[in-house]
Number of protein chains: 2
Amino acid sequence: MGGSSETGYAAKHTSSAASQATLNTDKLEEVRKLFTAHLENKGLRKTGERYAILEEIYARSGHFDVEELYVGMKERGLQVSRATVYNTLDLLVEQGLVSKHQFGRNLAQYEKSYGYRQHDHVICTECHKVVEFCDPRIHGIQTMVGELLNFHILHHSLNLYGICGDCRAQAAARSSATPA
Amino acid sequence: MGGSSETGYAAKHTSSAASQATLNTDKLEEVRKLFTAHLENKGLRKTGERYAILEEIYARSGHFDVEELYVGMKERGLQVSRATVYNTLDLLVEQGLVSKHQFGRNLAQYEKSYGYRQHDHVICTECHKVVEFCDPRIHGIQTMVGELLNFHILHHSLNLYGICGDCRAQAAARSSATPA
DNA sequence: ATCTATGCAAAGTTTTTGCAGCACG
DNA sequence: CGTGCTGCAAAAACTTTGCATAGAT
């Protein structure tokens, strides 16, 4: 059982917030349309702020919290208030264009989620690294539990908590450095 | 597809905090011993407050938050401060005698977890009802992902979010009550 | 007797809310 | 034009922290 990823099972992601906006233009366009449709559906207003927030989110990679998003927008010269950020995030989460996670630290983390393969997370409890993975069995569980308990399941969140290889290696190195 | 529970797959639990302490005496004794061992192991003090908190937790059924635990203890005439509750909960979670959950509302929820079958949760996003279920496949996923990504997995948390039958029924009743 | 854990309250974080004014429809 | 959305800041909600004191070892 080598660590070879025959199936592209998972991929690490570091939280670099580079600006690779060019490649994502098409996807952004799709998402804008979906958001517009949602707003019209619910009779909500299509304000510049809402679209600015959506775009900032889709320009980001990886997870982020409200403060990071807010600061990121300020740095790009986009003026919005925190209240609007919270408000719009709720809308986007409700629609499923963004997903919200609550890992250990009680600080909500968000992530864009349209057109990305549904995935779950492994969290290192030592260094707080987050790695993503996919497993098709989860979908089966979701369907089965929904039927059995008569719930209309909309989404799920599976987090595995443990210690990553790096941290275990560091711990081992540290303990082997302490012999008499 | 009847809702019959052939396998005892899941059980609803309401948050009644009845005092059925008599039956749980044996279990409580075990837990006290484990906690004592843990405290001795880490060179921590065995204070009355810590045991009082442990007992309050094991006298409860279902989920609770810090405030509920704190108030519950006050009502029983047990005097502890919130700081000590937080402190002790951390110890218990670390040891695995209590598990901590973060459902949507960022309010940490806790639950006793020694000697109870490992289970996961379905949460109704309308009424916030929580139902528990077990599925053996999750263990398999946990093992597989741990091996593939070289994590030493310690625990997991799977939450399914959706709308329960009751809330769907209510919604249906409401919409059928609005015709001209 | 020592040194840690407790208790209280104050500070810190994160999120929510109220009200005036602007802007979407 | 009217109502909903934004922005600001104040408040709420939850958790953590500092310091004096009581208590476990």
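Residue numbers start from 1 in every chain, and the chains themselves are labelled A, B, ... in the order their sequence lines are given, proteins ahead of strands.
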Hey, any chance A:Leu107 and A:Val130 share a hydrophobic cluster, counting ILVMFWY side chains that come within less than 4.5 Å of each other, even indirectly? no

A:Tyr70 and A:Ser81: side chain donor to acceptor below 3.5 Å: no

Tracing side-chain contacts under 4.5 Å among Ile, Leu, Val, Met, Phe, Trp and Tyr outward from B:Leu154 reaches A:Ile163

End axis versus end axis in the helix from C:dA1-D:dT25 to C:dG25-D:dC1, the angle rounded to 10°, five pairs used at each terminus: 40°

Can you give me the N/O atom pairs linking the protein to nucleotides 22-25 of chain C at distances under 3.5 Å, or say none if there are none?
| unit_1 | atom_1 | unit_2 | atom_2 | d |
| --- | --- | --- | --- | --- |
| C:dC24 | O2 | A:Arg45 | NH2 | 3.4 |
| C:dG25 | OP1 | A:Lys46 | N | 3.0 |

Contacts to DNA chain C from residues 34-41 of chain B, heavy-atom cutoff under 4.0 Å, which residues? none

Only one of B:Leu34, B:Ile57, B:Leu91 passes side-chain contact (heavy atoms from CB on, under 4.5 Å) with B:Leu97, and that residue is B:Leu34

Quick one: do A:Phe133 and A:Leu158 satisfy side-chain contact (heavy atoms from CB on, under 4.5 Å)? Show the steps, please. CA-CA 10 Å; A:Phe133 71 92; A:Leu158 170 60; 4.0 Å; yes

Enumerate the residue pairs fulfilling salt bridge (charged side-chain N to carboxylate O under 4.0 Å, His left out) with a member in residues 44-54 of chain B, sequence neighbours excluded, ordered by first and then second residue. B:Glu40-B:Lys46

Can the positive tip of B:Lys27 be found less than 6.0 Å from the middle of the six-membered ring of B:Tyr116, inside 45° of the ring normal? yes

Cationic tip of A:Arg32 above A:Phe35 ring, under 6.0 Å, 45° of axis: no

Taking the side chain as everything from C-beta on, heavy atoms only, tell me whether A:Thr125 gets closer than 4.5 Å to B:Phe151. no

May I ask you to decide if the ring planes of A:His121 and A:His101 are parallel, tilted or perpendicular, using 30° and 60° as cut-offs? perpendicular

It should be established whether B:Asn87 places a side-chain nitrogen or oxygen under 4.0 Å from OP1 or OP2 of nucleotide C:dA5. no

Stepwise, does the salt bridge (Lys or Arg N to Asp or Glu O under 4.0 Å) test hold for B:Arg117 with B:Glu132? CA-CA 11 Å; B:Arg117 187 133 144 261; B:Glu132 302 177 351; over 6 Å; no

Per-nucleotide protein contact string for nucleotides 8-21 of chain D, where B marks a base within reach and S marks sugar-phosphate only (heavy atoms under 4.0 Å, - for neither): B-----SBBB----

List the atom of B:His63, the atom of B:Phe103, and the distance in Å for their closest heavy-atom pair. NE2-CZ, 4.3 Å

